[in-house]
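Okay, so here's the structure we're looking at.
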Number of protein chains: 2
Amino acid sequence: MTDDRWEPPSVLLAVDLVILTLRDARLHVLLVERGVEPYQGAFALPGGFLHDEDEGIEAAARRELAEEAGLADVHLEMIGVYGDPGRDPRGRVVSVAHLAIAPWLPDPIAGTDAASACWTPVEDVLFASAYVQLAFDHRRILADGVERARTKLEHTSLATAFCAKTFTISELQQVYEAVWGVRLDPRNFYRKVQSARGFIVPAGPMRRPQSGRPARLFKAGPVQALYPPMVRSTQPGHEVLGGHAAGIAPEGGEHA
Amino acid sequence: MTDDRWEPPSVLLAVDLVILTLRDARLHVLLVERGVEPYQGAFALPGGFLHDEDEGIEAAARRELAEEAGLADVHLEMIGVYGDPGRDPRGRVVSVAHLAIAPWLPDPIAGTDAASACWTPVEDVLFASAYVQLAFDHRRILADGVERARTKLEHTSLATAFCAKTFTISELQQVYEAVWGVRLDPRNFYRKVQSARGFIVPAGPMRRPQSGRPARLFKAGPVQALYPPMVRSTQPGHEVLGGHAAGIAPEGGEHA
DNA sequence: TCAATAGTGTCTTTGAGACAGTATGTC
DNA sequence: GACATACTGTCTCAAAGACACTATTGA
């Protein structure tokens with residue numbers, strides 16, 4: 001680090017949250033309507049500034065998660081940093097974006113202060129001619145968060161974070177289908193998920209149908225990294241309508 | 001974002017660089033000796049504070065890359081943010097860590113101001129009973145950076161960033177062996193690398209042996225994502241001596 | 001009975017890993 | 001010639017994808 005007599009500039013640090021969940025088999029993100037300038041009235045990702053000098057970044061993210069979404073004990077990981085000068089008209093604001101995964105149906109948000117928060121289908125925001133415009137660079141942050149979720153579904157047990165404590169295999173399949181925007185063969189999915197060692201483990205001989213044969217219940221297994229992985233078939237032909245995979249540049253790295 | 005009448009705290013923003021390269025078939029990282037407090041005399045990752053209010057984060061990383069390592073036009077990507085309160089005794093310093101990959105043999109650093117910079121074998125720093133102690137939380141940053149490189153080698157063409165503009169297949173194999181800390185079968189590696197569509201393309205019928213049969217030269221192909229991927233054999237039995245894979249927690253995400 | 005979903009089996013293709021064998025250079 | 005490295009072929013096994021088939025529920 002350079003340590004001269006000169007004073008380095010300081011910045012405002014914020015956290016922003018990409019909170020994803022599944023609602024009626026579609027991927028949704030939690031948005032809030034901004035009540036103040038800038039971007040008053042526009043939708044934005046939940047987030048806020050550090051509370052005080054001594055607050056850790058993840059602590060701030062969890063605080064916002066509780067304050068704005070009423071969520072606790074959910075999967076949370078850092079996505080990256082967004083700090084382009086000029087991204088916020090108020091000055092130099094650097095935002096640390098986080099990805100949170102909420103299990104489905106935690107109600108449209110309990111009675112939190114975030115009265116204006118609402119779950120929005122991700123495609124409505126990310127699709128080329130999007131209905132919903134987001135404040136700041138939040139559309140890009142959302143795109144990166146979704147891409148992160150897609151990738152982690154392949155190699156980790158993240159999908160179980162979308163489910164309740166116990167779940168059926170077809171519920172798990174819905175997660176993959178919604179996040180990837182593809183349709184999968186139930187029979188092959190069944191085998192594949194079972195053959196990934198430690199991914200899911202049986203949770204009682206229980207059952208709970210609606211129509212059709214009752215299904216076994218499972219819970220998340222011990223492993224974090226999947227082997228064999230749940231590879232997304234690269235050879236196309238599976239994309240389902242509204243696939244939001246287009247028009248997003250997921251990776252920022254450049255080669256020489 | 002919360003927008004009250006209260007003033008949010010500001011922080012100092014720094015960039016730190018994990019610059020990796022290959023030297024005599026081993027993975028090395030560039031370290032600098034700190035000339036001032038804190039941690040005077042200790043080794044640290046190259047890095048520094050933002051220069052001014054208007055400097056972008058990636059721009060700052062590239063500036064440090066040039067100033068401290070004399071490198072330009074190399075692969076650069078963000079690793080993550082390290083901002084625990086108390087990580088820097090000077091106050092609240094939030095560091096954005098980056099991973100840079102330098103092609104091998106750019107000389108032990110040209111005549112830059114970083115006279116004290118030196119390439120250090122990664123294992124010497126990361127191994128359990130490490131010889132080299134790093135300042136701040138830089139050991140953890142290095143571990144995360146190495147883990148990032150390991151993972152990206154599987155699914156992207158990042159390995160070519162370690163090589164010169166043209167390279168032989170066995171040179172590419174050395175990259176994988178050094179970064180993963182494993183030994184690979186040359187025959188299978190040959191086939192595998194060739195079957196990954198768009199990974200490498202022939203670069204002239206050239207050749208350049210030292211002993212043994214001359215090898216064909218290749219250059220980096222057009223694709224970024226590898227298919228099929230170069231999967232690290234999960235079933236162990238391949239780790240080579242000094243494997244630094246142990247004792248590192250690469251992932252910070254937690255499930256509910 | 002049918003509709004609907006759960007779960008099993010089987011076949012084909014692709015790729016991973018082991019390793020024999022051939023090609024082409026230097027000494 | 002020996003030696004070293006580059007490259008090819010072949011075998012076996014594991015897993016992906018396609019899809020026929022059976023099982024178990026409710027209506």
Side-chain angles (χ1 to χ4, degrees), chain A residues 25 153-155 163 166-174 176-177 180 182-218 225-240, chain B residues 25 153-155 163 166-174 176-177 180 182-218 225-240:
Chain A
L153 243 50
E154 295 192 74
H155 307 288
C163 299
T166 65
F167 49 86
T168 67
I169 289 188
S170 66
E171 283 168 351
L172 194 60
Q173 181 179 343
Q174 280 184 47
Y176 279 90
E177 292 186 333
W180 285 352
V182 299
R183 189 144 292 271
L184 303 172
D185 183 300
R187 291 98 55 144
N188 291 334
F189 183 85
Y190 199 95
R191 258 195 305 100
K192 206 168 171 179
V193 132
Q194 298 256 51
S195 70
R197 274 78 84 163
F199 186 10
I200 58 174
V201 296
M206 318 267 296
R207 47 183 63 180
R208 48 168 182 187
Q210 255 174 309
S211 80
R213 172 177 175 176
R216 279 183 272 176
L217 285 179
F218 294 84
L226 295 189
Y227 191 84
M230 306 285 296
V231 183
R232 245 188 304 184
S233 66
T234 314
Q235 260 59 323
H238 282 280
E239 289 76 20
V240 92
Chain B
L153 243 51
E154 295 192 75
H155 306 288
C163 299
T166 64
F167 48 86
T168 67
I169 289 188
S170 65
E171 283 168 351
L172 193 60
Q173 180 178 345
Q174 281 183 46
Y176 278 90
E177 292 186 334
W180 285 351
V182 299
R183 189 143 292 269
L184 303 171
D185 182 302
R187 289 103 56 158
N188 291 334
F189 183 84
Y190 200 95
R191 258 194 306 101
K192 206 168 171 178
V193 133
Q194 298 256 50
S195 69
R197 274 78 85 164
F199 186 9
I200 57 174
V201 296
M206 317 268 294
R207 47 183 63 182
R208 48 167 183 188
Q210 257 174 309
S211 79
R213 174 177 173 176
R216 279 184 272 175
L217 286 180
F218 294 84
L226 295 189
Y227 190 84
M230 307 284 296
V231 182
R232 246 188 302 184
S233 64
T234 314
Q235 261 58 322
H238 281 280
E239 288 77 20
V240 92

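Note that these values count all heavy atoms, side chains included, but never hydrogens, waters or copies made by symmetry. None of the values given here were measured: they were computed from a predicted structure. Letters A, B, ... mirror the listed sequences (proteins, then strands); counts begin at 1.
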Quiz prompt | Euclidean distance, atom CG of residue A/L172 to atom C1' of C/dA6 [Å, nearest integer] | solution = 15 Å
Quiz prompt | Residues which pass side-chain hydrogen bond (donor to acceptor under 3.5 Å, both in side chains) with B/R187, listed by chain and number, not counting sequence neighbours | solution = B/D185
Exercise. Report the residues that fulfil ring-ring contact (aromatic ring centres under 6.0 Å, His included) with B/Y176, sequence neighbours left out, ordered by chain and then residue number.
Key: B/W180, B/F189
Exercise. Could you state the atom-to-atom distance from CZ of B/F199 to C1' of C/dG15 in whole Å?
Key: 16 Å
Quiz item: Between D/dA6, C/dT8, D/dA18, which nucleotide has the shortest distance from any of its atoms to the side chain of A/R216?
Solution: C/dT8
Exercise. Go through the structure and list residues passing side chain to side chain contact (heavy atoms under 4.5 Å, CB included) with A/P186, not counting sequence neighbours.
Key: A/Q173
Quiz item: Between atom CZ in A/F167 and atom P in C/dA6, what is the gap in whole Å?
Solution: 14 Å
Quiz item: Of B/R191 and B/T168, whose closest DNA chain D nucleotide lies nearer the 5' terminus?
Solution: B/T168
Practice problem: Please name all residues satisfying side chain to side chain contact (heavy atoms under 4.5 Å, CB included) with A/A203, sequence neighbours left out, ordered by chain then number. | Solution: A/T166, A/K219
Practice problem: Grab the CD-P distance between B/Q173 and D/dA6 for me, whole Å please. | Solution: 9 Å
Quiz item: Should B/S195 be listed as having a side-chain N or O under 4.0 Å from OP1 or OP2 of C/dG15?
Solution: no
Exercise. Using whole Å, report how far CD of B/Q194 lies from P of D/dC7.
Key: 8 Å
Quiz prompt | Spacing of SG belonging to B/C163 relative to CD1 belonging to B/I200, to within rounding of 0.5 Å | solution = 9.5 Å
Quiz prompt | Length of the line joining B/F189:CZ and C/dA16:C1', which is rounded to integer Å | solution = 14 Å
Exercise. Nearest-nucleotide wise, let me know which of B/P229 and A/N188 is further upstream toward the 5' end of DNA chain C.
Key: A/N188
Exercise. Send over the distance from B/L226 CG to C/dA16 C1', rounded to a whole Å.
Key: 16 Å
Quiz item: What string of B, S and - do you get for nucleotides 21-27 of chain C, 5' to 3', if B is base contact, S is sugar-phosphate-only contact and - is no contact with any protein heavy atom under 4.0 Å?
Solution: --BBS--
Exercise. Nearest whole angstrom, please: distance from the C1' of C/dA6 to the OH of A/Y190.
Key: 7 Å
Quiz prompt | Side-chain N,O (B/R183) to OP1/OP2 (C/dA18) below 4.0 Å | solution = no
Quiz item: With sequence neighbours excluded, what pairs up with A/R191 under the salt bridge (charged side-chain N to carboxylate O under 4.0 Å, His left out) test?
Solution: none
Self-check item: Shortest side-chain distance from B/D185, nucleotide among D/dC7, C/dC19, D/dA15
Solution: C/dC19
Practice problem: Would you mind reporting whether A/L226 and A/H155 have side-chain heavy atoms less than 4.5 Å apart? | Solution: no
Self-check item: A/K192 side-chain N/O to D/dA15 phosphate OP1/OP2 under 4.0 Å
Solution: no
